[in-house]
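Below: one structure, written as structure tokens.
Because only heavy atoms are used, hydrogens play no part in the values below, and waters and symmetry mates are left out as well, while side chains stay in. Each chain gets a letter, A, B and so on, in the order the sequences are listed, and its residues count up from 1. Every value quoted in this text rests on a predicted model; they were computed, and no experiment measured them.
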Number of protein chains: 2
Amino acid sequence: MRNKEGNKEAGILESAIKVFAKHGYHNSRISQIASEAGIASGSVYLYYKNKEDLLARIFQNVWEQLYKEISLIQKRHDLSAIDKIEYLIDLIFDIFSANPPLAIVFVNEQIHLKKETNTFFHFYDEFFSTGEKIIEAGIKEGSLNSNLNVTVFKFFLMGGMKYLLENWAKDSKNFQLTTLRQNVKLIIKRGILK
Amino acid sequence: MRNKEGNKEAGILESAIKVFAKHGYHNSRISQIASEAGIASGSVYLYYKNKEDLLARIFQNVWEQLYKEISLIQKRHDLSAIDKIEYLIDLIFDIFSANPPLAIVFVNEQIHLKKETNTFFHFYDEFFSTGEKIIEAGIKEGSLNSNLNVTVFKFFLMGGMKYLLENWAKDSKNFQLTTLRQNVKLIIKRGILK
DNA sequence: ATTATTTTTGAACCATCGTTCATTTATGAT
DNA sequence: ATCATAAATGAACGATGGTTCAAAAATAAT
């Protein structure tokens, strides 16, 4: 497969996302990524230190973007807490619906990267900590249920969305993205009881 | 490490769960599992066909149990739909809280097993299909919100619980299991709005 | 056109395990 | 005690695939 000229580094990363999504990190071969990118396998090492570095750079990009976006949302004083949470849900679905293979990699492969050796966990931690602040502010201002454990809700929402994204990315016929957004918002806002 | 005598097959599987939980499937060595079980590495192959068979047998056991339990819950005519869902939440937390390494393996490693080659996916499919039936019955009987997309809710709840379990198993100091159960039930029943 | 420099190549290297199996050890029957 | 059978061992095999690097190709400079 051919790349746009002058964009080899990004092209390799795109190819890596596709191959990682299809086979999983450990069953992906550098030679597959290289041929997907239209280069020789040795050339991957001109742009990336090793296989793990490819995965790390994917997550670096994702978490940096997620952190930047959530920071902007948090700062907006015209939005209530629940508005901010809904914006956050849209944000995540927007990022990954534009790139289904990235969604699959995002959901399944972060486990192979350790906190000690990867700087992007800084963004990861800040993302979650900002999310917590938004929820806490909502409790303080009285719009969110004060019985809610912030940590539990944070993980529950993230985990639920990840699982939905994965299943959507693998077989988008099962449900439309709009159904997905609407229902997640419905569930977290009002629950499932009639 | 020593096993109870006369229980080698189960002992090996327990050791595999521990090692898979700690290092992940692909970074786990048969030699590690063997030494954890107190046997020679070749002896693993007296009880299990190969490395993948170890993982498959773990999931076989889990999904068979989950399917049997959800079937019992579904049959109970003394429970409403929401009661059944709450029982289900308790069931999952009970199974995995008794075995944190199993929770970690359950959440992270199923991806390495393919539907085509593993019979336990029968239980997996039946489990989810039974879950859907419980939710659908709740909608029909009028106790659950009829705007709810059953598939979306099913995945959202499962994904949320998986992510919570993983984080709890990795660092149980973050939250107590009772907090976890209560909050999951709270969120899905009533949502987070005050 | 010639030379210097940079980029790319891909065959070969080599470390890493999963798996096998000839041998040893344990168990049980007579 | 002796023999037969079963269970367990762990060194060695072999396949795999990430990574390297000498050589080739492309590009730039003179």
Side-chain donor-acceptor pairs of residues 39-49 of chain B under 3.5 Å, sequence neighbours excluded:
unit_1 : atom_1 : unit_2 : atom_2 : d
B:Y48  : OH     : B:E9   : O      : 2.7

Could you identify which residues of residues 41-53 of chain A place a heavy atom less than 4.0 Å from some atom of DNA chain C, listed by residue number, or say none?
A:G42, A:S43, A:L46, A:Y47
CZ (A:F175) with more than 12 external heavy atoms under 6.0 Å:
yes
Would you say the side-chain atoms of B:K51 pair up with the backbone N or O of B:S28, donor to acceptor, closer than 3.5 Å?
yes
How many Å lie between CD1 on B:I39 and C1' on C:dT24, as a whole number?
17 Å
A:K140 bridged to A:E136 by N-O distance under 4.0 Å:
no
Give the first and the last nucleotide of DNA chain D, reading 5' to 3', that has any atom under 4.0 Å from a heavy atom of chain A.
D:dG17 to D:dT20
Would you please name every residue forming a side-chain hydrogen bond (donor to acceptor under 3.5 Å, both in side chains) with B:R181, sequence neighbours left out?
B:D90, B:D94
Between C:dT16 (C1') and B:R29 (CZ): distance, integer Å:
8 Å
For DNA chain D, which residues of residues 108-120 of chain B approach it to below 4.0 angstrom with any heavy atom?
none
In terms of heavy-atom contacts, A:W168 and A:F96 come closest through CZ3-O, 4.0 Å
NZ/NE/NH1/NH2 to OD/OE distance under 4.0 Å, B:E64 and B:K68
yes
Check salt bridge (Lys or Arg N to Asp or Glu O under 4.0 Å) between A:E52 and all other residues, then give those that pass, not counting sequence neighbours.
none
Can you tell me how the ring of A:W63 sits relative to the ring of A:F128, calling it parallel under 30°, perpendicular over 60° and tilted otherwise?
tilted
A:Y25 and A:F20 aromatic centres sub-6.0 Å:
yes
